[in-house]
Each structure stands twice: as structure tokens, then as C-alpha cells.
Novice: 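Mind having a look at this structure? Questions to follow.
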Amino acid sequence: MRPKFSVYRLINVNDILKQSVTDVKGIGDEMAETLADMSIRSVGDLLEYFPYRYEDYRLKDLAEVKHDEKVTVEGKVHSEPSLVYYGRKKNRLTVRLLVGRYLIIATFFNQPYLKQKISVGETITVTGKWDQHRQTITANQMSSGEHAKSQDFEPVYAVKGKMTVKTIRRLIKLGFSQFGHEIEEILPAELLQKYKLLSRRDALRIMHFPSGADEMKQARRRFVYEEFLLFQLKMQSLRKIEREQTPGIEVSYQLDKLKGFISGLPFPLTGAQKRVVNEILGDMKSPYRMNRLLQGDVGSGKTVVAAIALFAVKTAGYQGALMVPTEILAEQHSLSLTQLLEPFGVKTALLTSSVKGKRRRQILELLKQGEIHVLIGTHALIQDEVDFDNLGLVITDEQHRFGVEQRRVLREKGESPDVLFMTATPIPRTLAITVFGEMDVSVIDEMPAGRKTIETYWAKHEMLDRVLSFMEKELSKGRQAYVICPLIEESDKLDVQNAIDVHSSLSVYFQNRYKIGLMHGRLHSEEKDQVMKAFSENEVQVLVSTTVVEVGVNVPNATVMLIYDAERFGLAQLHQLRGRVGRGSDQSYCILLADPKSEVGKERMKIMSETNDGFVLSEKDLELRGPGDFFGKKQSGLPEFKVADMVHDYRALETARNDASLLVQSAAFWQGEKYRSLRDYLRETGALASEKLD
Ligand code: ADP
Ligand code: MG
């Protein structure tokens, strides 16, 4: 655990606890300044300044202690301590101790005065680091006599500047003796009872002055729930207010036409597709503005769902837009949507930065006049010059790649268009309900029938020859292959295979037998197009590429995905890459070429070869990397909790989410005394304007 200087704050409902820390006797102005640097300003801030870990002074059986672990033991002094000087001020005191059935050595550096305090036959307690091989404790603390039970755990606090852990402990103690009785409950009694939670006052006291492991667990459990409930209440209230205050469009789509469109599709919808289509249509029809996230693994069939929604909005007389992160993807989507929609009289157009001149002007004009019903494109879609006649639905694919700002700009293009975010990166449930807590979430959790699962193998680099001959066998059957490399060119810093190198060596390897293409982000878009076209028409059999092919590219004849230095990619990304194959009826393969050094790296390769389920992978990825790294720090927007941990406490998170949702929906929550403290909290955090309450 590392210290958290949390942004997320708990609350002081009691006005007395809102007073300045200088009201605590013993805290002066200077100390208050130091505390302010740690964001401790009020008495309540001080009382709620949680330790980030505890020093564990419980006596342990040495047989159970690992090498290098910190330990506290009680032992009988076996022989006279010996003191050795080995420098001007350096000395070492060693004493032999009988601890249980172990005869060990305790060593103290530079504490010569301890010699007087230790006599043979006496029992002493020492704390320090256990060296299993030498049977020695390098001790930094010692007390004579038997272990004092009340000191099993000592809180450790994050400190800054001149503050020390000792001082903050003392200040918190002062604060508690003067103001501890002012701490009030904020959770409703029925929830405290239901989950058998400690009162706020008791729990807070235990966090700072614990006397046993069990009660610490209970205190922590209470605050985990409290943090999650407050956080969820905030998200859910925001969602409720947003719903009720931003009137959306009631899209009156024509059901008979829509049914005709769906039955005209080349395949029946899966159960999951039907379910999410209904959820989306329900939003569109409602007077609220849709704000929905659609999650579905690669290949689960999101594009068709998007097409249905776009068709529906057209039958109601509105335009739709689909925004994707790359040009290649825009072109692919444009192709498949046009195929699906044009036969039913829906005019589509593609707008990217490479659509220029007359063609561009024409599209913009037709769009303004409402002659184009569905516009597909990259972020070029949200430039100022793009005017819609009557925008009713905005769909963005690969949602987490767009910034919040871009999403807002796009949303503001129409009156209040419905917004659907699609993502093929399965977002772990735990993150989805925190990060997207204010959104509705639909999940396609079923693959179209008849899909073969992709077989995934992990190979060391030394096995490259065998891997290549396997690839050649597939090529000889008329199939194609992707080869993915982490970088474009050779780099001094990273010893990784790069696309250009790999491309030239594979060109030599396959000589006159197969054509090898090269694709990376530095090519011009016309060049990219050419390469992609050649690959999809099987003029090129092996495509060496960086991760630009990660998203959406669809070449059903490709059955081999070979990934160099696979340990450099996260699980989510590997899964995306793997999703490029297995798109046709033939058995497909994914080969991870990797020599991971770390345990985490090995674990990733193993998980990849064991499961094809994107949601399982994403949960594992989250466990391995932690929530901050999952989305990349900057755009994560993850809340920070003082006590709770989103990954490990996810059950509590789900429970709190349900409770918050019930509360927010109930009329009783919004008036009367019972829930006043919770409403106060919402007001304090700015989730609700103050005039909106009571
Ligand atoms: P995603 O965008 O979720 O990765 P796509 O929408 O591109 O997936 O669909 C992947 C492939 O599956 C496409 O070729 C599509 O035509 C096909 N497909 C989609 N839905 C179904 C279905 N219900 N039954 C059979 N094939 C489907
Ligand atoms: Mg797709």
C-alpha cells in the first residue's frame, strides 16, 4: 500500500467538526499551516485523516515468518549482550535470545545504551527484520518485560513537510479527546443494521487506536461501505438530475419499417443483440436524452446494433452520426453501414480529413440540407464547419479514446441528440460502475453462433523457426497472416523487434512464395489505404504492422495473428489484436512471441492462452495492473478512495451501488430528517445545487 493523499473527501456533518484545527488545544497557527499542506484544515479533517497502514506488533511464531519480513518477538535473554565498536560512532550490540524453540540473535546498531537494560534470564520484546538464513533479527525497537497486549497495532500516517508520524499521532489523539464525542452518524439506521456496521464514531476511533485485528476489519468494512455509498449517491443523483433537466428528443421511429430492416439482415440477431437493441430503442423513445455505454467483445456484433439505431432515427426524420478514432476504421464502418443501410433508402456519407475540396463541400452542403441521413467519420466530424440539419443520434465507437471534451462538442452539434458510446474494450464491471457510474450500460455478452474460438499459444523467441513454418502451412492453405510489432523503427532505447526490420526479414524468408506488406502509423493515409486494400484482396498474404490495425479491421481470410514482444502489450490490447483473426469460418490462431522477465508478464501470457473471454481478461488485467493503469492515468477519471479499494472491495461497491440507486429513486430520500445528513453530503460535494434540496 502506498500513502494516499486523497482528493475524495468524507464529510463532517457536524458544524463543530468544521471548525479550524486550531480549535484543538495544543495546535497553534504554525502547526495548522503544516497540517494545511496535508489538506487538514478542520477538526473533522484531522479526525478523518486515516492511517494508510499499521505497524503490526503482534507476536509471531518465527516458523511462519518469511525472510526479510518485519517481526516482533518475545524472548528470554540467553547470554550477556556483547557490544562491539567498529568506527568512531559505530557500534553493534548483539544478544542471544531464546524465542520459543529458536535460539536467535538480536542485533542493535548504534544503541549502546541498551546494554544496561538487558540482563540474562530476563524476557524482552524486540521488533525488527528477520534474517532467516542467519537466524538474526536486525532490531530497531526493544522493550523489557513481556509484550504489552494493547500495542499490537500502531497506525502509520502519510506525512508531508515538517510533519512526523509521531506528531500526527499525537495531534489526532488530542483531537479525539476534545472532539471525539461530536462525531455523528451519517448512514441511515436501516443500512447500519442490515450490514451490521459499526457506528461512525466507534469505527473512526478504531481506525486510529485499534486494539485488535477483528475490530480493525470491522472498522474498515464500515468505511469501505460509507465511501462507496456516498460516491454512488453522488453519481446517481447526478444522473437523475441530468436526466430530468436535459430534455432529450422523443424519437418516434417507425416500428414496422424497423422490423422490416431487422428481418432483412443477413442473419438473425443474437439474444444479447436483441436485448441491447431494446434498451437503446427504449432510451430513444423516452423524453430523456440517451447517455448509454454499449460494451461488447470484438466480433460480438456491435456494428449491426449501431446500424439498427441509425436506421430507427432516420425513420423518425432525424440524422445520425458515427464517430470513430481512425480513418481506416471510418472507411470500414462506412462500407459495412452503407451495405446495410442504403438498400433501405438511408443515404450515408464518409467524412474524414482526407475527403477534400469539391467532394467535401458537397457532403457538407447535403448534410445541412438533411439529404445525408447518416454521417460516418473521424474527429473531423466535430469541426466547426460541419452542420447538421437535424441531428438526433450520435454514436461513438471505441469511446475511451475520445476525450470528454470531444464528446461534449459532438453532443452539442444537435439540439440534444441521444448519445451511444460503443467500446470493444471490455471494461471490468468494477470500473464500469465507478467511471461510468452516471451512464447506463448495455452489454453484448454473447457471440454470434458458429464462431470458432481462436487458439492462442505462447512461444519463446527461440521458437521463431517453428512458428514461421506453422504460419507457412496456413498460408499454403490460402490463408493470410498478421504480424504485429510494438515499434515502427529500431530504437536505441528499446530492444524490440520493429515493423520495418521484421518486414524485411520476412520478405527474405518468404521470398517468391508470398507477398509481405508493411503498415504503420507514419504512412500517409493513401499508402495505408493501398496496403489495407492489397491485404483485404489477398494480393498481400502477410501484413506486418504496428498496432494501427488494432481496432476494427476486418479481413475474414486472415487466420494467423503473430505478435512480437507480446509482453509489451497490456491484456486488453492483446485481446483486441487477437480479435483481428477468427472473423471467418476457418480455425484461427494467435501466437504470442514473448520472453517475459517479470511474473506479471508471464501471468499475462498464460491468461491470454487460457481464455478468449474479454471480460475475464479485463478483470485480470485490472488485478495485474491496478485501476490507474487500466485506462492510462490521465484520462481515467477514477475516483480515489481513502479506505476502499475498487478492485478488492468490488462486492461492497456493487452493494452500495444498488443501495444508492434505491435511495435516489425513493421520494423519502429527498425530504425530511431521516436522510438529511446524506443530502448535506451531496450538497457539500457540489453534486446538487443547494437550492435544490429541502
Ligand atoms: P464488433 O463491431 O462488435 O467487433 P461486428 O459488428 O463487426 O463486431 O461483427 C462481427 C462479424 O459478425 C461481422 O462480420 C458481422 O456481420 C457478424 N455478425 C454480427 N451479428 C451477427 C449475428 N447475429 N449472427 C451472425 N453473424 C453476425
Ligand atoms: Mg465494430
Side-chain angles (χ1 to χ4, degrees), residues 251 253 255 258-286 290-313 320 322 324 329 332-333 336-337 339-341 393 395-400 418-433 435-436 439-454 551-552 554 556 571-572 575-576 578-585 588 611-622 654 657-658:
V251 175
Y253 54 84
L255 191 59
L258 194 57
K259 281 184 173 161
F261 178 71
I262 292 173
S263 58
L265 290 171
F267 40 72
L269 296 181
T270 63
Q273 282 172 322
K274 280 184 201 152
R275 193 186 62 237
V276 303
V277 163
N278 281 327
E279 287 165 353
I280 292 165
L281 291 176
D283 279 356
M284 289 169 67
K285 205 162 44 181
S286 83
M290 171 160 68
N291 188 26
R292 186 172 285 277
L293 177 71
L294 173 61
Q295 291 193 57
D297 212 339
V298 220
S300 62
K302 293 182 296 298
T303 311
V304 187
V305 172
I308 294 171
L310 290 166
F311 181 80
V313 86
L322 175 70
V324 298
L329 201 49
Q332 286 217 340
H333 266 109
S336 48
L337 285 177
Q339 262 171 23
L340 288 167
L341 292 168
L393 172 67
I395 302 179
T396 77
D397 199 3
E398 287 310 314
Q399 170 271 334
H400 70 272
D418 285 324
V419 185
L420 178 68
F421 303 102
M422 302 202 295
T423 178
T425 311
I427 298 162
R429 222 170 10 156
T430 43
L431 286 190
I433 62 181
V435 183
F436 304 107
M439 286 172 128
D440 296 296
V441 180
S442 290
V443 181
I444 308 185
D445 51 5
E446 177 187 357
M447 285 288 173
R451 277 294 153 73
K452 285 215 171 70
T453 50
I454 302 161
V551 203
N554 192 24
L571 280 177
H575 184 61
Q576 285 289 317
R578 177 167 62 186
R580 296 311 105 213
V581 295
R583 312 206 126 222
S585 51
S588 289
T611 181
N612 268 294
D613 184 326
F615 283 94
V616 173
L617 280 170
S618 72
E619 297 281 352
K620 292 277 187 201
D621 209 15
L622 180 61
E654 283 184 324
R657 184 182 204 232
N658 291 337

Novice: Side chain of Asn612, backbone of Ile454: donor and acceptor closer than 3.5 Å?
Specialist: yes
Novice: State whether a side-chain donor-acceptor pair under 3.5 Å links Asp297 with His575.
Specialist: yes
Novice: For Val251, is there any backbone N or O sitting under 3.5 Å from a side-chain donor or acceptor partner on Lys285?
Specialist: no
Novice: Quick check for you: to the nearest 0.5 Å, what is the distance between Ile395 atom CD1 and Leu294 atom CG?
Specialist: 9.0 Å
Novice: For Met422 versus Leu322, what's the shortest heavy-atom pair and its separation?
Specialist: CE-CD1, 4.3 Å
Novice: Please report the closest heavy-atom contact between Leu341 and Ala307, naming both atoms and the distance.
Specialist: CD2-O, 3.8 Å
Novice: Which heavy atom of Gly299 sits nearest a heavy atom of Pro448, and at what distance?
Specialist: O-CD, 3.5 Å
Novice: Ile444 versus Gln295: any side-chain heavy-atom pair under 4.5 Å?
Specialist: no
Novice: Could you report the tightest heavy-atom contact between Gly320 and Leu310, atom names first, then the distance?
Specialist: CA-CD2, 3.8 Å
Novice: Identify the heavy atoms of Met284 and Ala312 that sit nearest to each other, and give their distance.
Specialist: CE-CB, 4.1 Å
Novice: I'd like to check Tyr253 versus Leu281 (side-chain heavy atoms, cut-off strictly below 4.5 Å). Are they in contact?
Specialist: yes
Novice: How would you list, by chain and number, every residue that makes a salt bridge (charged side-chain N to carboxylate O under 4.0 Å, His left out) with Arg578, sequence neighbours excluded?
Specialist: none
Novice: I'd like to know if the side chain of Ser442 pairs up with that of Glu279 as donor and acceptor (distance under 3.5 Å, no hydrogens or angles considered).
Specialist: yes
Novice: For the pair Leu293 and Asp440, evaluate side-chain contact (heavy atoms from CB on, under 4.5 Å) and give the outcome as yes or no after the intermediate values.
Specialist: CA-CA 6 Å; Leu293 177 71; Asp440 296 296; over 6 Å; no
Novice: Can you tell me how far apart OG1 (Thr303) and CD1 (Ile308) are? Round to the nearest 0.5 Å.
Specialist: 11.0 Å
Novice: Under a 4.5 Å cut-off applied to non-hydrogen side-chain atoms, are Met290 and Leu393 in contact?
Specialist: yes
Novice: Would you be so kind as to tabulate the donor-acceptor pairs closer than 3.5 Å made by side chains of residues 260-275, with sequence neighbours excluded?
Specialist:
from, atom 1, to, atom 2, distance (Å)
Ser263, OG, Lys259, O, 3.0
Ser263, OG, Gly260, O, 3.2
Thr270, OG1, Gln273, N, 3.1
Thr270, OG1, Gln273, OE1, 3.3
Gln273, OE1, Thr270, N, 2.9
Gln273, NE2, Gly301, O, 3.0
Arg275, NH2, Val443, O, 2.5

Novice: Within the 4.5 Å heavy-atom criterion, are Asp397 and Phe421 side-chain neighbours or not?
Specialist: no
